[in-house]
Protein chains: 2
Amino acid sequence: MTGSGKGPRERMVFSAAQLIRRDGVGATGMREVAAHARAPRGSLQHYFPGGKEQLVNEAVAWAGRYAGRRVARFTAGLAEPRPSGLFAAMAGQWIEEYETTGSLAGCPVAAATVDCAASAASTREAAAAAFAGWRGPVTEALTGLGVPAARAEPLATLMISSLEGAIIMARAEGGVGPLKTVARELGPLLDAAVAPGHAGGAGA
Amino acid sequence: MTGSGKGPRERMVFSAAQLIRRDGVGATGMREVAAHARAPRGSLQHYFPGGKEQLVNEAVAWAGRYAGRRVARFTAGLAEPRPSGLFAAMAGQWIEEYETTGSLAGCPVAAATVDCAASAASTREAAAAAFAGWRGPVTEALTGLGVPAARAEPLATLMISSLEGAIIMARAEGGVGPLKTVARELGPLLDAAVAPGHAGGAGA
DNA sequence: AAGTATGTATGACGCCGGTCATAGTAGCTC
DNA sequence: GAGCTACTATGACCGGCGTCATACATACTT
């Protein structure tokens, strides 16, 4: 997650995502993105002729892909292959970040939605695509964990919704309480959706 | 919800909440708020000497009180007194708004959190207070509906989180799908938390 | 060596934001 | 009717924003 390896273009997209995550779209300036990415300011108009809107959209898309990949990795590394474990891992990523950095930034996709859904159609669509690219792997993971196909996608939507909402409440409260609460409360409910007779993980 | 009755001060707070809800804090201008409230621009510095931050904080507080009162009214008017009914009513308010107005604004508390949590401590606290003032009535309602005291507050947190997240996803997708999905999936899980033997509503 | 993409570097422009300063206008008391 | 308070009304200021225009440096082609 250093983001300083690749080319300047990627770094700028990455930096944009980070800054949007923390301050929202409106309060994130183009110059600021370039500075944060240690990229030349002139490269902005070179790589993103579509201006800020394009940059924001790419940052959102990047975040969506990142979240999707992350889910796949979580699923592969679950100690106890149950839906609750996946959800705990998703929430745990945010808890861990808070406890590491001491402060909690939000989700760039949510920020872009809040700030742009009503004003920039392309950004709204980028956010929708990002959510779809996140929900997909979650849905697959759930089916792989034994959730009936018909319920996998709705439950994936519920998981992502709860997580997004908990992130916001956690930021407001200045603590990870809501994230832990949501993980604790929703987990068992998700496990209950596993088809009976499915070969669970370690315990039961 | 007309908001044009009371004095100019209240109207401005209300207008601020509405505009923030739609465009986010950053994209909402002070002049715009005054114009929307049909209030004189000079009144801004008169009523809100603390500037934009104060106005935003009051808008957030207003939204929190509104949400809390709303929950109390939902609870009183439930056809089937079950947790799922309350949650459906909460989500239904948003669905209805979308189907009435044709577009979906967000929650002002969420918007303020996303845009200000990292930059304005007072706004972050206002948002936390607003969430608390929303969660309180939900918690009470759940206990009144038969949810054991120990689980009422965590489940209230889960409900609000899911709703907030679903609102964001719905805005991104440009449709109420996520709201309906979340209501459908979470409702039964909430009902299952009702203490056994509790005198439920109509059916079971 | 000339030429041409590709990327970098700045400076300027216009705009709109929040805020300040300063008047002006009721409505009320004494 | 003088004086005070509450509110309204503007205009100006300064700063930051996104964007544009333009010039410069590479690096690869032919």
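Every chain is numbered from 1 and lettered A, B, ... according to where its sequence line falls, protein lines coming before strand lines. These numbers were taken from a predicted model, which means no experiment stands behind them.
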- Task: Quick one: list whatever passes side chain to side chain donor-acceptor pair (under 3.5 Å) with A:Arg151, sequence neighbours left out.
- Result: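 Result, side chain to side chain donor-acceptor pair (under 3.5 Å) vs A:Arg151: B:Glu185.
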- Item | Listed partners of B:Ser15 passing side chain to side chain donor-acceptor pair (under 3.5 Å), at least two apart |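 Side chain to side chain donor-acceptor pair (under 3.5 Å) check on B:Ser15 returns B:His36.
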- Task: Using the side chain to side chain donor-acceptor pair (under 3.5 Å) rule, collect all pairs that involve residues 165-179 of chain B, keeping only residues at least two apart or in two chains.
- Result: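 As it turns out, the side chain to side chain donor-acceptor pair (under 3.5 Å) pairs with a partner in residues 165-179 of chain B, which skip direct neighbours, are A:Arg135-B:Glu173.
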- Item | Any pair counted as side chain to side chain donor-acceptor pair (under 3.5 Å), so long as it reaches residues 174-184 of chain A, sequence neighbours left out |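 Residue pairs passing side chain to side chain donor-acceptor pair (under 3.5 Å), neighbours aside: none found.
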- Message: Return a single string for nucleotides 4-20 of chain C, one symbol per nucleotide in 5' to 3' order, where B is base contact, S is sugar-phosphate-only contact and - is none, cutoff 4.0 angstrom on heavy atoms.
- Response: --SBBBBBB-----BBB
- side chain to side chain contact (heavy atoms under 4.5 Å, CB included) with B:Glu96: which residues, sequence neighbours excluded?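 So B:Glu96 forms a side chain to side chain contact (heavy atoms under 4.5 Å, CB included) with B:Thr100.
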- By side chain to side chain contact (heavy atoms under 4.5 Å, CB included) - contacts of A:Ala120 (at least two apart):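 With neighbours one apart ignored, the set is A:Glu53, A:Cys116, A:Thr123.
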Can you name the salt bridge (Lys or Arg N to Asp or Glu O under 4.0 Å) partners of [X], sequence neighbours left out?
X        : answer
B:Arg124 : none
B:Arg9   : B:Glu58
A:Asp191 : A:Arg82

- Message: Does anything in residues 107-125 of chain B come within less than 4.0 Å of DNA chain D? Heavy atoms only, and list the residues if so.
- Response: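 Close to the strand, none.
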- Message: Please check if the number of heavy atoms outside A:Arg69 that lie under 6.0 Å from its CZ is greater than 12.
- Response: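 Counting other residues, nucleotides and ligands, CZ of A:Arg69 exceeds 12 neighbours.
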- On DNA chain D, reading 5' to 3', which nucleotide is the first and which the last to sit with an atom under 4.0 Å from a heavy atom of chain B, could you check?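 Going 5' to 3' along DNA chain D, contacts run D:dA6 to D:dA12.
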